[in-house]
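Encoded as structure tokens, the structure appears first; notes follow it.
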2 protein chains.
Amino acid sequence: MGTELSVTENEARYLKLIYRKQCEESAKVRTTTVAKSLGVRPATVTEVIQNLSEKNLLRHRRYHGVELTKGGTTEARKLLRKHRILEVLFMDILNYDARNACKEASKLDYYASRDLINAICRAYGHPEICPCEKTIFSDSKCKKNK
Amino acid sequence: MGTELSVTENEARYLKLIYRKQCEESAKVRTTTVAKSLGVRPATVTEVIQNLSEKNLLRHRRYHGVELTKGGTTEARKLLRKHRILEVLFMDILNYDARNACKEASKLDYYASRDLINAICRAYGHPEICPCEKTIFSDSKCKKNK
DNA sequence: TTTGAATTTTAGGGTTTCCCTAAATTTAAG
DNA sequence: CTTAAATTTAGGGAAACCCTAAAATTCAAA
């Protein structure tokens, strides 16, 4: 099999951020920018990026930035699917504002199981966009039965 | 002030377990038993117990077992409140069975904010027992307004 | 085209959290 | 009293994060 390793919660934060910047905002992912977003030093970002690179989740060309691999993209989307489904739950059921829904979802998404997310998805009629208008990626195991 | 330190996710697991055994099942909390429940070695349990003791969350009499302090009891109840409110959500909304609801709740309770839990509590009419019939502790900040 | 400022990476550490084995201790049952 | 079972101490180890200082690289402006 491909050398597919699991990501830590912290690495998950990086993946989500990188995907959003690169794939959804077409912005260049700079070490400095990421460092600022996450409140760490540039050297730390480089280190994490090298770990993600060893896990084949992204390609890293020294001094030139990163590009998510197929695996990294898939992983980022899985995480963002969880994040956004949780946002839907927190908004629609709990009268949260989008800002708070996102904040809460950020704390929980990494820990929510695929099954739980799919159950919520089903309960909310398989929504296709989250409160912030971002697309909610689909999951082949999430049947729209009935 | 009392030297009140924050607990790690792992320590939270110990607190929940100890509270359930000692306060809800009136069972003696044995190092060996805890070790078996959590899948670690007895020496590890002793170590964690000493940490919790330093944080004044429980009292430890060497070779004789532990007793939660006021602070430890409060902390355990806060955690179990979160756990059980999440169980209500997962059961009632998502057609989960109690077993799975509990499993999912266990992964998320530590990370759920007080505000989020109170919002769920409100949405479900301030339930007083969870799917397993255990009591859901109340939170002074969770208003039964309306 | 050179050069210097900005960005990025390397080198070398440090802390915290969690867990383990082996060797004492202590308890408690017979 | 003695000894088996339970518990604790002693001494480590690995993984996850983060940092500073110094070196490398890029790039844009003279």
Side-chain angles (χ1 to χ4, degrees), chain A residues 3-18 21-22 27-68 72 75-76 79 106-111, chain B residues 3-18 21-22 27-68 72 75-76 79 106-111:
Chain A
T3 316
E4 203 72 14
L5 294 163
S6 65
V7 314
T8 66
E9 186 192 359
N10 194 50
E11 287 169 346
R13 268 206 297 274
Y14 280 77
L15 277 183
K16 287 183 286 182
L17 182 65
I18 291 169
K21 287 222 153 119
Q22 194 163 77
K28 195 164 179 219
V29 176
R30 299 197 142 289
T31 300
T32 313
T33 315
V34 173
K36 239 164 235 161
S37 297
L38 299 179
V40 298
R41 297 302 184 149
T44 306
V45 173
T46 301
E47 200 190 356
V48 174
I49 278 174
Q50 286 168 347
N51 292 150
L52 290 171
S53 176
E54 265 162 31
K55 293 183 181 179
N56 289 313
L57 295 168
L58 49 76
R59 230 45 96 192
H60 181 212
R61 282 184 44 240
R62 275 153 81 266
Y63 295 101
H64 293 279
V66 303
E67 193 175 9
L68 290 173
E75 186 62 33
L79 288 163
S106 296
K107 288 189 292 190
L108 301 181
D109 54 13
Y110 176 77
Y111 297 98
Chain B
T3 316
E4 205 70 16
L5 294 162
S6 65
V7 314
T8 67
E9 185 191 0
N10 194 51
E11 287 170 347
R13 268 207 296 276
Y14 281 77
L15 277 184
K16 286 185 285 183
L17 183 65
I18 291 169
K21 287 222 153 116
Q22 194 164 75
K28 197 167 177 214
V29 176
R30 297 196 143 292
T31 300
T32 313
T33 315
V34 173
K36 239 164 236 158
S37 297
L38 298 179
V40 298
R41 297 300 184 152
T44 305
V45 173
T46 301
E47 199 191 356
V48 174
I49 279 174
Q50 287 168 346
N51 291 151
L52 290 172
S53 178
E54 265 162 31
K55 293 183 183 179
N56 289 313
L57 294 169
L58 50 75
R59 229 44 97 190
H60 182 214
R61 281 185 43 240
R62 276 153 82 265
Y63 294 101
H64 292 281
V66 303
E67 192 176 11
L68 290 173
E75 186 61 34
L79 289 163
S106 296
K107 290 188 292 189
L108 301 181
D109 54 13
Y110 176 77
Y111 298 97

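A, B, ... follow the sequence lines: proteins, then strands. Residue 1 opens every chain.
Within the model, atoms CG of A:Asn51 and OG1 of A:Thr8 stand 8.0 Å from one another, a figure rounded to the nearest 0.5 Å. Within the model, atoms OH of B:Tyr14 and CG of B:Leu57 stand 14.5 Å from one another, a figure rounded to the nearest 0.5 Å. The CG atom of A:Leu79 sits 12.0 Å away from atom CZ of A:Arg13, with the distance rounded to the nearest 0.5 Å. To the nearest 0.5 Å, atoms CD1 (A:Ile49) and OG1 (A:Thr31) are separated by 5.0 Å. The CZ atom of A:Arg62 lies 11.0 Å from the OG1 atom of A:Thr46; values are rounded to the nearest 0.5 Å.
Atom CG of B:Asn51 is separated from atom P of C:dT16 by 12 Å (rounded to the nearest Å). With rounding to whole Å, A:Ile49 atom CD1 is found 14 Å from C:dT10 atom C1'. We find that CG of A:Leu38 is positioned 16 Å from C1' of D:dC19, with the value rounded to whole Å. For the pair A:Glu54 CD and D:dA15 P, the interatomic distance rounds to 13 Å; values are reported in whole Å. Protein atom CZ of A:Arg62 is 11 Å distant from nucleotide atom P of D:dA24, rounded to whole Å. Rounded to whole angstrom, the span from the CZ atom of B:Arg61 across to the P atom of C:dT26 amounts to 14 Å.
Under a 3.5 Å cut-off, the side chain of B:Ser37 and the backbone N or O of B:Thr33 do form a donor-acceptor pair. Judged purely by atom type and a 3.5 angstrom limit, B:Lys55 uses its side chain to pair as donor or acceptor with the backbone of B:Ser6.
Nucleic acid contact class of B:Gln50 (heavy atoms, under 4.0 Å, all strands): sugar-phosphate only. Nucleic acid contact for B:Thr31: sugar-phosphate only, since backbone atoms but no base atoms lie under 4.0 Å from a heavy atom of the residue.
Remark: B:His64 is not in phosphate contact with D:dT7, judged by side-chain N or O atoms under 4.0 Å from OP1 or OP2. Within the 4.0 Å cut-off from OP1 or OP2 of C:dT9, at least one side-chain nitrogen or oxygen of A:His60 is found. Note on A:Thr8: a side-chain N or O is less than 4.0 Å away from OP1 or OP2 of D:dC17. One finds a side-chain N or O of B:Arg30 lying less than 4.0 angstrom from the OP1 or OP2 phosphate oxygen of D:dT7.
Which of D:dT8, C:dC18, D:dT25 sits closest to the side chain of B:Asn10 comes down to C:dC18.
Qualifying side chain to side chain contact (heavy atoms under 4.5 Å, CB included) partners for A:Glu47, counting only residues two or more places apart in sequence or in other chains: none.
Inter-axis angle, ends of the helix from C:dT1-D:dA30 to C:dG30-D:dC1, five pairs per end, rounded to 10 degrees: 0°.
Along DNA chain D, the nucleotide nearest to B:Thr46 and the one nearest to A:Gly39 differ in position, and the one closer to the 5' end is contacted by B:Thr46. Residue-to-nucleotide proximity on DNA chain C shows that, of B:Glu9 and A:Val45, the 5′-proximal contact is made by A:Val45.
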Strictly under 3.5 Å: I want the nitrogen or oxygen pairs between protein and nucleotides 21-24 of chain C, one per line.
from, atom 1, to, atom 2, distance (Å)
C:dT21, OP2, B:Arg41, NE, 3.3

Requested in this report: Test side chain to side chain contact (heavy atoms under 4.5 Å, CB included) on B:Leu38 and B:Val45 and set out the steps.
Outcome: CA-CA 9 Å; B:Leu38 298 179; B:Val45 173; 5.8 Å; no
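The 12-atom threshold is exceeded at CD of B:Glu9, counting heavy atoms of other residues, nucleotides or ligands nearer than 6.0 Å.
The base of C:dC18 lies outside donor-acceptor range of the side chain of B:Glu47, with no N or O pair under 3.5 Å.
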